Every structure is written in C-alpha cells, then in structure tokens.
J.: 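Starting off with a structure, shown below.
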Amino acid sequence: MKVVIVGGVAGGATAAARIRRLDEQAEIVVFERSGYISYANCGLPYYIGEVITDPAALTLQTPESFYSRFRIDMKVHHEVTAINTERKTVTVKNLDTGEVFEESYDKLLLSPGAKPTQPQVHGLDLDRVFTLRTVEDTFRLKDYIDQHKPQSVVIAGGGFIGLELAENLCEMGIDVTIVQRPKQLMNPFDPDMAAFIHAEARKHGIKLMLGHTVEGFEETEGGMSVLLKDEPSLSADLVVLAIGVTPDTPLAKAAGLELGIKESIIVNERMETSAPDIYAVGDAVQVKHRVTGLDSLISLAGPANRQGRIAADNICGGDSRYLGSLGSSVIKVFDLTAASTGINETAAHKAGLDTDTVILSPMNHAGYYPGGKSMIMKVVFEKDTYKLLGAQIIGYEGVDKRIDVLATAIQCGMKATELQQLDLAYAPPYSSAKDPVNMAGFMIENIQEGILKQWHIDELDALLKDGKVTLLDVRTPREFERGHIGGFVNIPVDELRDRIGELDPAKPVYVICQSGLRSYIACRILAGYGFDAYNFAGGYRYYETVQCDKESHQMSHLDAASTPCGASA
C-alpha cells in the first residue's frame, strides 16, 4: 500500500507515524510546502517573545529524524498542485528546483491546515505587514524585530495568536495595540467573561481598539499607518494580521471534493472525503460540534492530532470514528489563565437553546492554605433538562484542571446537577474539600430544587427603574463605601436577622455581595422570614469588571483603548 500525505504538520505527521506503527510495509510519502515538519504552531508567539530561545525547539521532528525512526519520506519545499482522483495521482512541484512530477497513491490524506484570513483591503503586500502561521513567518518577524527594534505594533485580531503575540511583544517593551471588528477578544468566551481578559491586557499596557474595522495600510516616513473605518488612523512601526484563519482548500476544491463552511472539506466520522480513498484532517475539515451537533470549524491542535490518528487507523483497515469536537482550549494572558469548553451562552442562544448559567468565584485551593487565589467560573446548562453545555474559567493556578474535568463531564453526557457527585482529588495545596466543580454542581442543584433563585447582570437596568423591589447589598460597610451600585441599601449579612424589620416583606429582594456567597446566605435568611429573594449571579467584583469594560466601549477610542479598570480575576 502506498500512502501520500499532503501536509506534514499536526494531523499529517501524526497520521504518517501511526500508519507506520500499524503497517511496517506501507510506502509513505509526505509532501510539505514549507521547510519544516511537525512544528509547534502554538509555540510560535513564544519564540518571538524569547520565552522559547532555541529555534530547533519549535520543530518536534526533522525530515531526517522522521526517516531514521519511521522510514517515511518527508519531502519539504514540495507543493502538491493538483489531484487526479481517477488516475489516483497528485501533481507535485519541487519549490527548490522548479521540477514538476506526478506521484501515484493508493490512499491519499489531505492535511493542508488553514491560512491566515486576508481582509480585502489595500496594503497587505507591504514589507511591514506580517502574518504568523509557519516557522518561516516566525523567523521573518523575529528577524525584523531584532534588526529594526520597533517601538510600536498594531495587531489586527484578538484571537489566540493575536493575544499571545500581543503579550510577548508587550513583555519585550513594545507598545501594542489590538484592533478588531468584534467588541471583545477571544470569541470562545461570553462578553462578560472576556471583560476579565480585557482588564488583564489593559493592566499590562495593551491598548484595545474593539469594535473597529481596519480598512487598509499605508507606509509613512519611518512607519505604518493603519486606516480605520470612521476613525482616525493609527501609527505603528509594524503590523501583524491575526484576524483568524481560513481552511486552505484550493487543492481540494479543484479536485471536486465536497466542501462545507468557508469551503472546508466535508468528511464523515471516518475522516473520509467525498472521493474514494481520499481522507482529510485538521484545520481544513468541517466537523460536528459535540454539544450542538451543528457543523463547525474548530482550529485546534488536539482535534487535528486525534483526526490524524483516526484517519491512519482507517487507511490501515480499521474502523475508528471521530465523534466531533468540544473546542476545549486554554490560553495564558500575562498572569491569568483563561479556558473554555463546550459552547458559551452566546452560542447557545444562537443555537436556539433555552439556557441558564451559574457564575461563581471559588478559591483555587483551601482558603486556609497560603497563596490561594480566586477564579471566576461560568457554567452554562439547558434549563429544563439541565444538560451541561459549556464552561468558561478565568483565574490563576488550577484553571486548566477544572476546565478539563468539565470537558470530560460534557463529553460523557453528564447533567450539570451531577457535577456535585464527582469524586475529585483534594489536598489543601491543590483544592478544597468542596472543589470548584462540585460547587457549581451544588448551585445548579439548588436552582433545580428551588432553593436558589438568581438574577443576572442584564436585568439590572430594569430593576433600578422598578420601584416595587428592594435592592440589597449585604457586604460590610467598608466594602460598600469602596464601591457599590446606586439604589442598593447596605445591610451586612451578619446584621440581617436583627434588621429584618427595615425591609418590606411585600417586595421581592434582589441581593448582591462581593462574590455571591454571602448574598446566597442572605437569600436563605430572607426566605426563612417569608421574603421572595434573588441572588446576583457573579457578585459585585464580577459586576465591577463587566461594567467598567462596558463603559470603556462607550468612551472615545483613544481613551477607551487603555482604560485600566476592573478586577483581573
């Protein structure tokens, strides 16, 4: 059996190695357009920022090491330009010599990945406009920074690559501005959770130009001008485009393969395309989302590697299945860790799901053990069924651990109420006897049983105008003086029983505290006295960060770009 693989990075390299482990006699040829194979795309921004200092560390394998171990021909600087599905051949161009030749296959695997999305604006070809996809892109950008010592950069786009690059350049002392059309960074997060990412970025000096559209680039004397729609232009020494990625599928399209979202390659659960004996994996393929069942594009290394393994199994006569992606991800944002899995509340509403959420601020480990830090968790579930839909967590140590537990729970089809039953490891330096994941389950069970009734931040404006409710802040007087929402009266929770007569029992009471715990206790006290009480989801610290971020969007773009406000986590 002869297997030809187009693309030698995540999915392609994984598939090649797996095929060899399953079939020692197979002839395997990999064609890679760039000069590197099996490289770590996710590590590229950290090489720019000199967190990773050895360029060799970016490549997990070389063509020579791959051949030595697996006897697989890794042909770099070779571009596949056409597929003939009837003759079962590919046309290949040697980019070093210009030679063009045909290569036959019994099985063909496409792993072309995705390319940086290019907006339809002028100036993309200017020397100071960079993208970051390949190792060559990385070396080009790093060489420019080393030689020219830029003082400022505009990054167009605030996804994973854009935010990671922004952090690394900022740590190098470069003035960084992120511009993008959406009004938030990191779309896997809901706007309220993204507010914590915004606060951390601004705290470190990154300017955020959110909700603004780039219309082009022009060279100026000694720099670049970034043209914005309906706004003054920005000046910078260089520009990096990181507005997203698009499936790199012209080859598949020309071959007549069935295409889906953004011309991605449609595959079945076995990673088979619409053409016989042709498989496809990675960022170029359309997948099913595990939560919604909808067609999706999920450009992450984990799914690409798993798909490569599954395709290899099936090429070798097995029957492996890819059942979809959750989109679980994690990112470092300066001192913070931000992670998500499943779908967020915004995506759930777009999918027509009736949802509820709990927002909590647990400590990463036992409060009595030194060094504990809080995290903010948002868990999304379906109202009637309590099906667990997704989660977002922002904090410090322990965020990745909790998001992985929640991802596993979603994949196993657990209900949100069942999170309380998970038997999770505990020791004071690592967790609490009631782990944050368990706490989310306790809260959701209380909602199910009617013990906990919530109110959310989007209800605040209406409540402030409603004279038929009582708005109650149960923090200490000192906390209240440092900041509070106008219209709320302050009765500390420990004084509530003695001062219950100050409240009108005919009015519903909407309660807030710093994190949501004291206000929940207050709600239970009030319920015991016959009041109809509602607990604020998230607490005042959450409100303050979200509100400050909202206000920054309403300011002039120059003032809002660097407004340091709110809590980091």
Side-chain angles (χ1 to χ4, degrees), residues 1-23 26 28 30-31 80 82-90 105-114 245-328 342-343 347 351 407 410-413:
M1 178 177 65
K2 182 177 180 180
V3 182
V4 170
I5 298 175
V6 180
V9 190
T14 294
R18 176 69 172 172
I19 292 168
R20 173 56 72 227
R21 291 194 295 271
L22 296 176
D23 187 345
I28 308 168
V30 180
F31 295 111
V80 175
I83 302 169
N84 190 313
T85 57
E86 293 184 2
R87 294 207 315 268
K88 298 183 76 170
T89 62
V90 294
Y105 65 84
D106 296 311
K107 304 286 185 180
L108 176 64
L109 174 66
L110 303 179
S111 182
V245 294
T246 303
D248 193 357
T249 57
L251 183 66
K253 183 177 182 179
L257 302 187
E258 187 178 356
L259 303 180
I261 302 171
K262 293 185 178 180
E263 299 195 334
S264 57
I265 304 170
I266 292 179
V267 293
N268 60 18
E269 291 181 346
R270 290 168 48 86
M271 309 312 297
E272 295 170 323
T273 71
S274 59
D277 296 319
I278 300 180
Y279 299 74
V281 301
D283 295 352
V285 305
Q286 176 178 289
V287 298
K288 296 290 184 184
H289 198 287
R290 285 293 293 259
V291 173
T292 64
L294 299 175
D295 293 331
S296 304
L297 295 179
I298 297 179
S299 299
L300 294 167
N305 278 278
R306 290 194 298 277
Q307 292 162 13
R309 179 184 175 91
I310 288 168
D313 287 349
N314 295 322
I315 285 171
C316 293
D319 188 23
S320 292
R321 306 280 171 149
Y322 187 74
L323 301 180
S325 296
L326 279 179
S328 302
I343 59 173
I410 294 172
Q411 186 137 338
C412 292

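Below, each value reflects all heavy atoms present in this structure, side chains not excepted, and no hydrogens, waters or symmetry copies. Here the structure is a predicted model, which is why all the values come from computation and not from measurement.
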J.: Taking the side chain as C-beta and beyond, is there a heavy-atom pair between V6 and L109 under 4.5 Å?
T.: no

J.: What pair of heavy atoms forms the shortest contact from A82 to L251, and how long is it?
T.: N-CD1, 3.3 Å

J.: When you compare the side chain of L297 with that of P247, does any pair of heavy atoms fall below 4.5 Å?
T.: yes

J.: Consider side-chain contact (heavy atoms from CB on, under 4.5 Å). Of M271, E269, R321, which one does I310 pass it with?
T.: M271

J.: Would you indicate whether the side-chain heavy atoms of N314 and E272 approach each other to under 4.5 Å?
T.: no

J.: Is the number of heavy atoms from other residues, nucleotides or ligands within 6.0 Å of NZ (K253) greater than 12?
T.: no

J.: Test your reading of the model: is there a side-chain donor-acceptor pair from Q286 to the backbone of I261, 3.5 Å cut-off?
T.: yes

J.: Any donor and acceptor pair, going by atom type alone, linking the side chain of S296 with main-chain N or O of I298 inside 3.5 Å?
T.: no

J.: Which heavy atom in Y322 sits nearest to a heavy atom in R306, and how many Å separate them?
T.: OH-NH2, 4.1 Å

J.: So, are D106 and K88 salt-bridged, with charged N and O less than 4.0 Å apart?
T.: no

J.: So does G293 get a backbone contact from the side chain of R290, meaning a donor-acceptor N/O pair under 3.5 Å?
T.: no

J.: Check whether T273 reaches the backbone of I278 with its side chain - one donor and one acceptor, N or O, closer than 3.5 Å.
T.: yes

J.: With side chains defined as the heavy atoms from C-beta onward, is the minimum distance between C316 and M1 less than 4.5 Å?
T.: yes

J.: Any side-chain to backbone donor/acceptor pair from S328 onto A407? Under 3.5 Å, distance only.
T.: no

J.: Can you check whether D277 reaches L108 side chain to side chain, under 4.5 Å on heavy atoms?
T.: no

J.: Closer than 3.5 angstrom, by distance alone: can the side chain of T249 be matched with the main-chain N or O of E263 as a donor-acceptor pair?
T.: yes

J.: Is any side-chain heavy atom of Y279 closer than 4.5 Å to one of V267?
T.: no

J.: So, D313 side chain and S320 main chain: donor-acceptor pair closer than 3.5 Å or not?
T.: no

J.: Which residue, T14, V285, D283, forms the side-chain contact (heavy atoms from CB on, under 4.5 Å) with Q307?
T.: V285

J.: Is any side-chain heavy atom of L110 closer than 4.5 Å to one of I83?
T.: yes

